[in-house]
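First comes the structure, then the notes that go with it.
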Amino acid sequence: MAENQHHPFLHGLSKHRGAPPTVVVIFGASGDLTARKLIPAVYNLSYDNLLPADFFLIGFGRSEITDEAFRVVASDAVKQFSRRELQTDVWNRISAHTTYVSGGYDDKAAFDRLYQHISEIEKKLGREVQPLFYISTPPSVFQSIITNLGASGLASKYLGQAHQAKVIIEKPFGRDLDSARALNTTIRSHFEEQQVYRIDHYLGKETVQDLLVQRFANSIFEPLWNRNFIESVQITVAEEVGVEARAGYYEQSGCLRDMIQNHTMQLLALTAMEPPVSLDAEAVRDEKVKVLRAIQPLNVQVGGDVTRAQYTDGMIGGVPVKGYLQEPGVSPKSGTETYAAIRLSINNWRWQGVPFYLRSGKRFPRRVTEIAIQFRKPPGTLFAQNKHLDLAANTLTFQIQPDEGLSLILNGKIPGLETRIQPVKMNFRYATTFGSNTPEAYERLVLDAMIGDGTLFIRGDEAETSWKLYTPVLDFWKSQGQKGMDQYPAGSWGPTTAETLLSTNQHTWREP
Ligand code: BG6
């Protein structure tokens, strides 16, 4: 095997078994996510010959359009958003099996028609086809869709067999603990947990999966991966973009719901969990839930474990940009945070006393997602006397995006007759080692759901555990409105109150 070829040993994360004949039904067929991510994902899977030979795509939505019109919408989506250019032969394979069903999400008759439509596909093919429902609508209609999938018999199709019906549910999965519980209750009255794939697209990112490989396929990390050697962990999910044209959604959401409760917590769970007994979906998810449960409740008061802020006007890449409260569609009295930072304590054997710092926000100076593991400093006895010898802490950084890679900061001697020490960085870059044509997260996730592998999806109890931690914060912030909301200029690394979260432990935020 050539050195750089992907090694297929991580069975649970790379099951290359083929998917059975499948029909993917997208609810919310004319939505933004469908065009930007889902259709291009299907196209690229087909390009890589990863779709089953008998693959069908059905768009389901309220607009009354023909099959042909939907095919045009879909091919336009590939042209505009796919990482590869549209090739006619690849597209034709999908297009010939693409149809559209129009109907309301609360209209049971429309779901009966969908059932009929799938039965006709099966009749023509002469085989049973696995139904995979992708709910990519606004959350207000999640419950209606799930209920109608149940009432029409679609949810229980082939139940108990490998090609049983499956459902992928887009975020947001609830907006607090109660709503997540209510959604889980509806789901569980129509689907078994093994049929349900709650999506968090961060889990489909190549480098997020690499985190497990780095931790568990390299023997040098495990002995160090604990409170004896690690001083603190910082997770940053920074975006350069502002709220864009999404104020309607974002005003109801805010950074904690949009980025921290889901994406950032997934990064934390994979970083901090115990080694699972196997790489099966349940074993991995059991460990993630365990570590989430070990997190101590947060002190929500100002000056406690959390801080929130809104961006004010500033400069991004030399261009002036508006503040959040001046963005179109945002209330001037908005109490919605565009930045959140949290200090967490995990009360278990491995992590007791090691602070985990999380931050995310819009309008940072640049887009970067990273996990930085900061190790304890060596004893200063040998080099401390010399002012040139202030040792840097060893830091292992997983750069999730962009410029994916891994780096380690070490202290090295500057060549010369004096002993002078300088931090040096060892770098592994994905693009240099493996080339840069990495699959998009959605390709991986759609394929995994098709083959019935839930490892990279969120289990119901996992979603609830994370909401349980953050619901008191959300409730407190809601009760405060704008009171206690800090500010940061667009193009900066966040508000000053975020510094105090760390300074009590003599730590500081990194500038990635
Ligand atoms: C989405 C959020 O889940 O993730 C967006 O709703 C955010 O607000 C996006 O911009 C970030 O995803 P990525 O893959 O670009 O880091």
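FYI, side chains are in, hydrogens and waters are out, and symmetry mates aren't considered; it's all heavy atoms of this structure.
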Q: Establish, yes or no, whether a centroid distance under 6.0 Å links the rings of Phe60 and Phe111.
A: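 Yes, they do, as the ring centres are separated by less than 6.0 Å.
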Q. Quick one: are the ring centres of Tyr488 and Tyr339 less than 6.0 Å apart?
A. yes
Say whether [X] and [Y], considering side chains only, have a donor N or O and an acceptor N or O under 3.5 Å apart.
X	Y	value
Asp486	Thr307	no
Gln130	Lys157	no
Thr397	Glu370	no
Gln401	Lys205	yes
Thr264	Ser360	no
Gln234	His507	no
Glu462	Gln266	yes
Tyr324	Glu251	yes

Should [X] and [Y] count as an ion pair when the cut-off is N to O under 4.0 Å?
X	Y	result
Arg257	Asp176	no
Lys37	Asp32	no
Lys290	Glu287	yes
Asp305	Arg343	yes

Counting only N and O atoms by type, is there a donor-acceptor contact under 3.5 Å from the side chain of [X] to the main-chain atoms of [Y]?
X	Y	answer
Ser466	Ala463	no
Asn299	Gln301	yes
Gln326	Pro332	no

Q | Candidate list Arg246, Arg363, Lys362, Arg359, test salt bridge (charged side-chain N to carboxylate O under 4.0 Å, His left out), partner Glu239, passing option | A | Lys362
Q.
With salt bridge (charged side-chain N to carboxylate O under 4.0 Å, His left out) as the test, pick out the partner of Arg198 among Glu170, Glu193, Glu464.
A.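 Only match with Arg198 under salt bridge (charged side-chain N to carboxylate O under 4.0 Å, His left out): Glu193.
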(Q) Give me each pair satisfying ring pair (Phe, Tyr, Trp, His ring centres under 6.0 Å) with a member in residues 274-306, each pair once, sequence neighbours excluded. (A)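 For residues 274-306: none.
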Q. Relative to each other, are the rings of Tyr134 and Tyr442 parallel, tilted or perpendicular (30° and 60° limits)?
A.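 Correct class here is tilted.
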Q: Given salt bridge (charged side-chain N to carboxylate O under 4.0 Å, His left out), test Arg83 with Glu443 step by step and report yes or no.
A: CA-CA 11 Å; Arg83 69 188 166 95; Glu443 295 171 36; 2.8 Å; yes
Q) Quick one: does Val141's side chain get under 4.5 Å of Ile135's, heavy atoms only? A) no
Q: Please report the closest heavy-atom contact between Phe70 and Ala29, naming both atoms and the distance.
A: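 For Phe70 and Ala29, the tightest heavy-atom pair comes out as CE1-CB, 3.8 Å.
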Q.
Can you list everything that forms a ring-ring contact (aromatic ring centres under 6.0 Å, His included) with Tyr430? Sequence neighbours excluded, please.
A.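 Testing Tyr430 for ring-ring contact (aromatic ring centres under 6.0 Å, His included), a comparison that skips the adjacent residues, returns Phe428, Phe434.
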